[in-house]
Structures are given as structure tokens and as C-alpha cells.
Number of protein chains: 2
Amino acid sequence: MSIQNNEYDKLDHMIAECIMQDAALTSTQLGEKVGLSSSAANERLRRLKQNGHVKKITALVSAEFMDMGLCAFIFVTLDKAEHHKHFLDAIGRNKSILECHHVTGEHSYLLKVRCCNTKSLERLITDFLKGQCNVSKTMTQIVLSSHKDESLIVD
Amino acid sequence: MSIQNNEYDKLDHMIAECIMQDAALTSTQLGEKVGLSSSAANERLRRLKQNGHVKKITALVSAEFMDMGLCAFIFVTLDKAEHHKHFLDAIGRNKSILECHHVTGEHSYLLKVRCCNTKSLERLITDFLKGQCNVSKTMTQIVLSSHKDESLIVD
DNA sequence: AGTGAAATTCACTCTGT
DNA sequence: ACAGAGTGAATTTCACT
């Protein structure tokens with residue numbers, strides 16, 4: 001008897017990999033890829049969704065179409081621990097901010113942001129971020145090019 | 001007369017927003033949300049896909065299920081410009097590396113990575129990254145928690 | 001471009017193993 | 001748990017506006 005989680009096997013992981021590559025696969029196509037009938041493949045996928053392991057089916061959209069061609073990472077330092085919640089609420093509402101991670105090191109948070117140009121990046125930093133009551137410092141790194149940019153695995 | 005791209009209008013952007021939230025919407029549901037018939041909504045979505053503005057339909061999968069609960073950002077500094085290609089090829093093949101951005105500043109690249117624990121993160125840094133011929137320096141920041149982690153807008 | 005209906009394909013259920 | 005058949009629902013095409 002093993003202590004590992006046996007509720008899901010190799011086949012379930014293959015199914016997860018497949019729909020990360022292409023979630024528009026039909027049940028029949030998915031079944032062919034993993035060696036199951038469409039009904040069996042579909043039932044396994046349904047269970048993965050129901051149990052929250054497949055969190056969401058989404059579309060990846062081009063930055064050009066969204067007019068957000070400029071990508072940057074911004075480190076943010078906050079003063080007082082008691083104001084973090086207000087900061088995070090504001091972050092949550094801002095569509096330019098794609099990711100917000102609490103990180104180790106000298107800074108408090110690392111943000112991944114997207115805007116249309118440097119003007120709007122400046123507004124984001126100066127008006128929005130520095131405008132938050134307890135943001136003491138920011139440090140910005142502009143992305144010149146991205147060779148990989150698909151974070152499909154999430155908490 | 002305007003210089004802007006008029007091939008796509010407000011409706012197309014609404015459709016893109018909708019399927020970023022939920023790509024499993026039926027054409028009928030999508031049509032209801034934007035005020036079109038199912039066939040019209042479906043035809044617009046088909047065009048967005050065909051022209052590459054909707055790049056991909058994917059699933060977001062839980063880190064727990066993938067056994068990649070530990071997230072980190074790693075800055076990498078490369079010596080010689082002529083070896084960047086080999087580095088990027090190796091990056092492309094490594095499933096632990098979710099994002100790789102060429103950034104401004106003192107470092108060459110910023111990587112977003114995921115592994116199961118600190119042991120495997122150590123292997124990634126020591127064996128894989130430092131093992132690349134021209135990696136001179138790395139700097140790692142561990143993610144303690146993520147308050148936003150959905151990069152659905154890509155180049 | 002959009003609508004509504006027809007034709008086709010797909011998802012999902014059910015039965016049997 | 002899976003396969004295969006059957007049913008209801010969805011996508012896709014088409015004629016018309």
C-alpha cells in the first residue's frame with residue numbers, strides 16, 4: 001500500500017496535458033490521443049473539472065488585438081503590512097496587471113503588466129501604483145521579447 | 001477618416017473578453033452576451049481564430065494536480081551573445097519553465113518556473129541552468145503566494 | 001453582416017460487460 | 001472502468017434580408 005494519491009492515474013495526466021495544448025478537442029479526438037473511447041475520455045475530463053483540477057477553459061488572445069503590446073515586470077515595495085489588503089484589491093481591479101506575486105527578497109510584490117505603450121506604462125506606475133497609499137518604491141523591467149509565455153499551471 | 005484598424009469592432013473585442021473568461025461558452029450563450037445570433041457570434045469567433053487574434057483555446061490546470069506547487073522567478077545573466085540560441089532551445093524543451101522573457105536591466109532573461117519542491121528547484125538552477133555553457137549568474141525569488149496569475153494576453 | 005432554419009456533428013446518457 | 005449505441009443539444013452551413 002502506497003501513501004500517494006491514487007485517485008488519478010497516468011491517463012488523467014495525459015488528458016490534462018492534451019487539453020492544455022488544445023481545449024477545443026472533441027471527446028473522440030481526446031479519446032484517440034489517450035487510447036480510450038469518447039465516453040470514457042469525456043467522463044475522466046468531467047471528473048477533473050468537477051474536482052477543480054481543470055480550473056477553467058480559456059482563450060489566449062494576441063496582445064496586438066488587445067492593444068497591449070508592451071509587457072513589463074514591476075517590483076513593488078510596500079511600507080506597512082496592514083495596508084496590503086487595499087493594495088491587493090486595487091491590483092485585482094486593474095486589467096493591465098496580469099500577475100501579482102508575493103515574493104521573497106527585498107521587494108514585496110512582483111507584478112507582470114501589459115499596456116499599449118510607454119506613456120500608459122508611465123501612468124500605471126506614477127498614477128496607479130505610486131498613488132496607492134503605502135507603495136514606497138517600484139522597480140520596472142521592460143520585456144524586449146518573450147520566448148515562452150504560457151502559464152497554464154496555476155494555484 | 002481614421003488611421004485605426006477598422007477590421008475589428010467593439011463586438012469582436014467583447015467576444016474576445018467573453019471567451020477569455022470562459023471558452024466553454026456555447027455559441028448561443030456567447031451570442032446572448034454580445035447581442036447577436038449564435039451563427040453570427042460563431043462566425044466572428046471563427047474569424048478571430050483564423051486571423052490569429054484568438055491564438056489558442058486552453059485549459060488552466062491546478063499546480064497541485066501537476067505536482068508543481070512551488071513557483072519562482074529566476075533572473076539569468078548570459079555572457080556571450082552568440083550562445084543565446086542554444087540557451088533558448090534548452091529553455092523551450094524544459095517543462096518546468098513556464099515563461100522566458102528577454103528583459104532590460106542588468107540581467108539577460110527573466111524566467112517564471114514551477115517545480116514540486118525546493119529540491120527540484122535546486123536541480124533546475126544548479127544542473128539545468130548553470131549547466132548551460134554560457135550562464136554566468138542567476139538570481140532566484142521564490143513566490144510565497146499569487147494574488148493574480150492569469151496571463152491570457154500573449155504576443 | 002446578420003437571421004433563422006436545416007443539416008451535420010458532437011456531448012452525454014444508458015446498457016451491457 | 002470501459003465500449004458502443006442512442007438521444008438530445010450544439011455547431012455549422014445556407015438561403016434570404
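A note on names: the letters A, B, ... follow the listed sequences, proteins ahead of strands, and every chain is numbered from 1. Every heavy atom of this structure was used, including side-chain atoms; hydrogens, water molecules and symmetry mates were not.
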_Let's see if you can work this out: which of C:dC12, C:dC10, C:dT3 has an atom nearest to the side-chain heavy atoms of B:L36?_
C:dT3
*Does C:dG2 have OP1 or OP2 sitting under 4.0 Å from an N or O in the side chain of B:S37?*
no
*Taking B:K148 for the side chain and A:I91 for the main chain, is one N or O donor matched with an acceptor at less than 3.5 Å?*
yes
_Without decimals, in angstroms, what is the distance between A:E32 CD and D:dA3 P?_
12 Å
*Can you find a donor-acceptor N/O pair under 3.5 angstrom joining the side chain of A:S39 to the base of D:dG4?*
yes
*Using a cut-off of less than 4.0 Å, is there contact between a side-chain N or O of A:R47 and OP1 or OP2 of D:dA1?*
yes
_Between P on D:dT12 and CD on B:Q50, what's the gap in Å once rounded to a whole number?_
13 Å
*Which of the following nucleotides, D:dT11, C:dA11, C:dG2, is nearest to the side chain of B:L11?*
C:dG2
*Classify the nucleic acid contact of B:R46 as base, sugar-phosphate or nothing, counting any heavy atom under 4.0 Å across all strands shown.*
nothing
*Round to the nearest Å and state the distance from A:I15 atom CD1 to D:dC2 atom C1'.*
12 Å
*B:E43 has an atom CD; how far is it from atom C1' of D:dC14, in whole Å?*
12 Å
_Any A:N42 side-chain N or O less than 4.0 Å from OP1/OP2 of C:dA11_ = no
_Over all atoms of both residues, closest heavy-atom pair of B:A24 and B:Q29_ = O-OE1, 4.5 Å
*So if you build clusters from Ile, Leu, Val, Met, Phe, Trp, Tyr with side-chain heavy-atom gaps below 4.5 Å, do A:V61 and A:V113 land together?*
no
_Verdict with reasoning, A:H147 to B:H84, per side-chain contact (heavy atoms from CB on, under 4.5 Å)_ = CA-CA 11 Å; A:H147 298 88; B:H84 281 224; over 6 Å; no
*Out of D:dC2, C:dT3, C:dA1, whichever nucleotide has its closest atom nearest the side chain of B:R44*: C:dA1
*Provide, to the nearest angstrom, the distance between the CG atom belonging to A:L45 and the C1' atom belonging to C:dA11.*
11 Å
_If I take atom NZ in residue B:K10 and atom P in nucleotide C:dA1, what distance separates them, rounded to the nearest angstrom?_
18 Å
*asked:* Without decimals, in angstroms, what is the distance between A:L30 CG and C:dA11 P?
replied: 9 Å
*Given atom CD1 of A:I57 and atom P of C:dA11, what is their separation to the nearest angstrom?*
12 Å
*Taking the nucleotide of DNA chain D with the closest heavy atom to each, which residue, B:S27 or A:A40, is nearer the 5' end?*
A:A40
*Is it the case that more than 12 heavy atoms not belonging to B:K130 sit under 6.0 Å from its NZ atom?*
yes
